[in-house]
Asker: 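Take this structure first; my questions come after.
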Amino acid sequence: MSFTKDEEIIRHGYKQYPEIIDTSSKLMKTIDEISYFDNITRKFKVKLISKEIALSNSRTFLENNFRLHNVLVAVPVKIGSSVLQVTPKSPFSIPIVEEEIKSVFSGSVIEFFADEISQILFKGIVLSSLYTEQTSVSYVHEITHTQLDSMPGIVSEYYNSEILSIFLELLYSHSTNENLLRLNDSNRILELINMIITVLTESKDERDRLLEASKYICSTLKAINLFIKYYYGSNAIKKEILTNIQKVFSGNLFLEEMLSKYDITYESSQDENTLKKYFTR
């Protein structure tokens, strides 16, 4: 059974029926200029690695920095069975679903809602069947979603739902090597361009597409803003940000409360000088 974006928003516990965001010409101009920076346009090499190493690297990174909670994992009782066994398990127990995906950046979580269970159930994490060092980034991104989506309401705004996943993919990349970070910087800027174009050109009747694009514009800008504060911050600031993320994962701090601590807003995340300084470093 498929849901509209508005129905998904309600089931995830976000504030209902958000308005499509307003993208200014200034924002488009800033991101367009950044998209031509050498750090964004240059060619990147991505190393092939084994599945075991790709997943292990992600798990080590997350477990070294956070205490992750169990989520409800649903798996077939036997192969081909339509009967599912639902058990609280480590998010790393969610089955990996391999697909032939052209983009090394692709990944997603297979979630579904059972009428008799109020929480979201996790059925799989989709990754590309071609394992590279970027796979570890995608896996970090999707595991982060399990920590938030399993606690409806911990993120109030649908447009904020990608922030921590994007922030932690940048942090993982940064902890690995500068080339991987620049690769993901480039990917996020180019995706941001596409999402802004969607909001500016798509018909108002295409609400699902507009909501999705609005989500990625807001989340990407705010995640980059938060990461810039981490990247240039003191050791104390770095530790504090990770501590606050842990509080969100533990259900002790709403994401929006954390964002307010660092003045992370849609408007503050569009500062041209800050963005250009980071992307020309």
Side-chain angles (χ1 to χ4, degrees), residues 9 12-15 18-35 37 39-40 65-66 140-141 144-145 147-148 151 153-175 181 184-185 187-189 191-193 195-196 199 211 213-281:
I9 286 169
H12 276 87
Y14 305 125
K15 290 181 182 178
E19 295 183 5
I20 305 305
I21 65 163
D22 179 31
T23 55
S24 66
S25 57
K26 181 180 178 182
L27 173 63
M28 183 63 190
K29 179 176 179 292
T30 299
I31 302 303
D32 183 60
E33 288 177 359
I34 291 173
S35 72
F37 288 178
N39 287 341
I40 306 301
N65 288 288
F66 307 105
V140 165
H141 181 112
T144 302
H145 274 308
Q147 296 301 285
L148 302 176
M151 296 188 296
I154 200 67
V155 179
S156 300
E157 303 286 348
Y158 170 67
Y159 292 164
N160 292 336
S161 59
E162 294 286 339
I163 292 175
L164 289 190
S165 287
I166 294 173
F167 173 83
L168 288 179
E169 74 179 32
L170 295 175
L171 183 57
Y172 172 83
S173 301
H174 174 49
S175 71
L181 176 58
N184 282 277
D185 284 342
N187 176 58
R188 285 300 166 190
I189 287 296
E191 184 182 68
L192 197 50
I193 288 284
M195 295 299 102
I196 293 173
V199 168
L211 284 171
S214 295
K215 175 185 70 173
Y216 276 103
I217 292 169
C218 280
S219 284
T220 300
L221 287 170
K222 291 179 181 180
I224 291 171
N225 190 358
L226 181 61
F227 184 71
I228 288 172
K229 292 181 186 297
Y230 179 95
Y231 188 85
Y232 293 111
S234 64
N235 288 335
I237 289 293
K238 288 180 169 68
K239 183 177 179 181
E240 180 185 283
I241 290 174
L242 296 186
T243 297
N244 282 319
I245 292 175
Q246 179 62 63
K247 289 180 180 178
V248 176
F249 284 171
S250 299
N252 297 321
L253 183 69
F254 291 109
L255 175 62
E256 284 72 18
E257 292 177 320
M258 175 185 167
L259 297 177
S260 69
K261 289 176 181 285
Y262 303 104
D263 187 32
I264 305 290
T265 66
Y266 180 53
E267 291 71 26
S268 70
S269 300
Q270 298 181 43
D271 184 76
E272 181 178 356
N273 291 333
T274 301
L275 290 170
K276 288 184 175 179
K277 175 186 174 183
Y278 173 72
F279 286 105
T280 54
R281 69 192 188 283

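Throughout, residue positions are numbered sequentially from 1 according to the sequence presented.
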Asker: Counting only N and O atoms by type, is there a donor-acceptor contact under 3.5 Å from the side chain of S219 to the main-chain atoms of Y159?
Answerer: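 Yes, S219 side chain to Y159 backbone: donor-acceptor pair under 3.5 Å.
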
Asker: One thing to verify: whether E33 and K276 come together as a salt bridge, which I'm taking to mean a side-chain N less than 4.0 angstrom from a carboxylate O.
Answerer: yes

Asker: Identify the heavy atoms of I40 and F279 that sit nearest to each other, and give their distance.
Answerer: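 Scanning both residues, the minimum pair turns out to be CD1-CD2, 3.9 Å.
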
Asker: Which heavy atom of L211 sits nearest a heavy atom of Y158, and at what distance?
Answerer: O-CE2, 3.6 Å

Asker: Just how far is it from atom CD1 of I264 to atom NZ of K229, taken to the nearest 0.5 Å?
Answerer: 5.0 Å

Asker: Do you know the tightest heavy-atom contact between S156 and E256?
Answerer: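 Closest heavy-atom pair between S156 and E256: N-OE1, 2.9 Å.
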
Asker: Could you check whether the rings of H174 and Y231 sit parallel, tilted or perpendicular, using 30° and 60° as the cut-offs?
Answerer: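 Tilted, since the angle between the ring planes falls between 30° and 60°.
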
Asker: Does any non-hydrogen side-chain atom of T265 lie less than 4.5 Å from one of L259?
Answerer: no

Asker: Between R281 and D185, is there a salt bridge with N-O shorter than 4.0 Å?
Answerer: yes

Asker: For Y278 versus Y232, what's the shortest heavy-atom pair and its separation?
Answerer: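 Heavy atoms only, the tightest pair is CA-OH, 3.6 Å.
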
Asker: Nearest 0.5 Å please: distance from the CD atom of E169 over to the CZ atom of R188.
Answerer: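 Rounded to the nearest 0.5 Å, the CD-CZ separation comes out at 4.0 Å.
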
Asker: Locate the shortest heavy-atom distance separating T144 from V140; write the atom from each residue and the value.
Answerer: OG1-O, 2.8 Å

Asker: To the nearest 0.5 Å, what is the distance between CG (L148) and CG (N160)?
Answerer: 11.0 Å

Asker: Do the non-hydrogen side-chain atoms of L27 and E267 ever get within less than 4.5 Å of each other?
Answerer: no

Asker: For Q270 and Y266, indicate whether the former's side chain and the latter's backbone hold a donor-acceptor pair under 3.5 Å.
Answerer: yes

Asker: Is the H12 ring parallel, tilted or perpendicular to the Y14 ring (thresholds 30°, 60°)?
Answerer: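 Taking Y14 first and then H12, their aromatic rings lie parallel (interplane angle under 30°).
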
Asker: Measuring from atom CD of E272 to atom NZ of K277, what distance do you get when rounded to the nearest 0.5 angstrom?
Answerer: 15.0 Å

Asker: Hey, would you say the F66 and F249 ring centroids sit under 6.0 Å apart?
Answerer: yes

Asker: Is D32 reaching over with its side chain to a backbone N or O of M28, donor-acceptor style, under 3.5 angstrom?
Answerer: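 Here the side-chain-to-backbone pair does not exist.
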
Asker: With a 4.0 Å cut-off on N to O distance, would you call K247 and E257 a salt bridge?
Answerer: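 Salt bridge flag = no for E257 with K247.
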
Asker: Just by modelled atom types, is the E162 backbone N or O under 3.5 Å from a matching donor or acceptor in the S165 side chain?
Answerer: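 Judged by distance alone, no pair lies under 3.5 Å.
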
Asker: Atom CD1 in I21, atom CG in L221: separation rounded to 0.5 Å?
Answerer: 7.5 Å

Asker: Is the shortest side-chain heavy-atom distance between L255 and I154 below 4.5 Å?
Answerer: no

Asker: Please report the C-alpha distance between Y230 and E240 in whole Å, then the side-chain angles of each, then the deciding distance to 0.1 Å, and finally whether the side-chain hydrogen bond (donor to acceptor under 3.5 Å, both in side chains) criterion is met.
Answerer: CA-CA 9 Å; Y230 179 95; E240 180 185 283; over 6 Å; no

Asker: Kindly indicate, with the supporting measurements, whether the criterion side-chain contact (heavy atoms from CB on, under 4.5 Å) is fulfilled by V155 and K15.
Answerer: CA-CA 9 Å; V155 179; K15 290 181 182 178; over 6 Å; no

Asker: A side-chain contact here means heavy atoms from C-beta on lying under 4.5 Å apart; do S268 and N225 qualify?
Answerer: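 Yes, at least one pair of side-chain atoms sits under 4.5 Å.
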
Asker: Short question: side chain of K238, backbone of G233 - any donor-acceptor pair under 3.5 Å?
Answerer: yes

Asker: State, yes or no, whether a side-chain contact exists between S161 and K215 at a heavy-atom distance under 4.5 Å.
Answerer: yes

Asker: What distance do I163 atom CD1 and C218 atom SG have between them, rounded to the nearest 0.5 Å?
Answerer: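 Those atoms lie 8.0 Å apart.
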
Asker: Determine, step by step, whether Y172 and N184 satisfy the side-chain contact (heavy atoms from CB on, under 4.5 Å) criterion, reporting the C-alpha distance in whole Å, the side-chain angles of both residues, the deciding distance to 0.1 Å, and the verdict.
Answerer: CA-CA 10 Å; Y172 172 83; N184 282 277; over 6 Å; no

Asker: Taking T220 for its side chain and I217 for its backbone only, find out whether a donor-acceptor pair lies under 3.5 Å.
Answerer: no

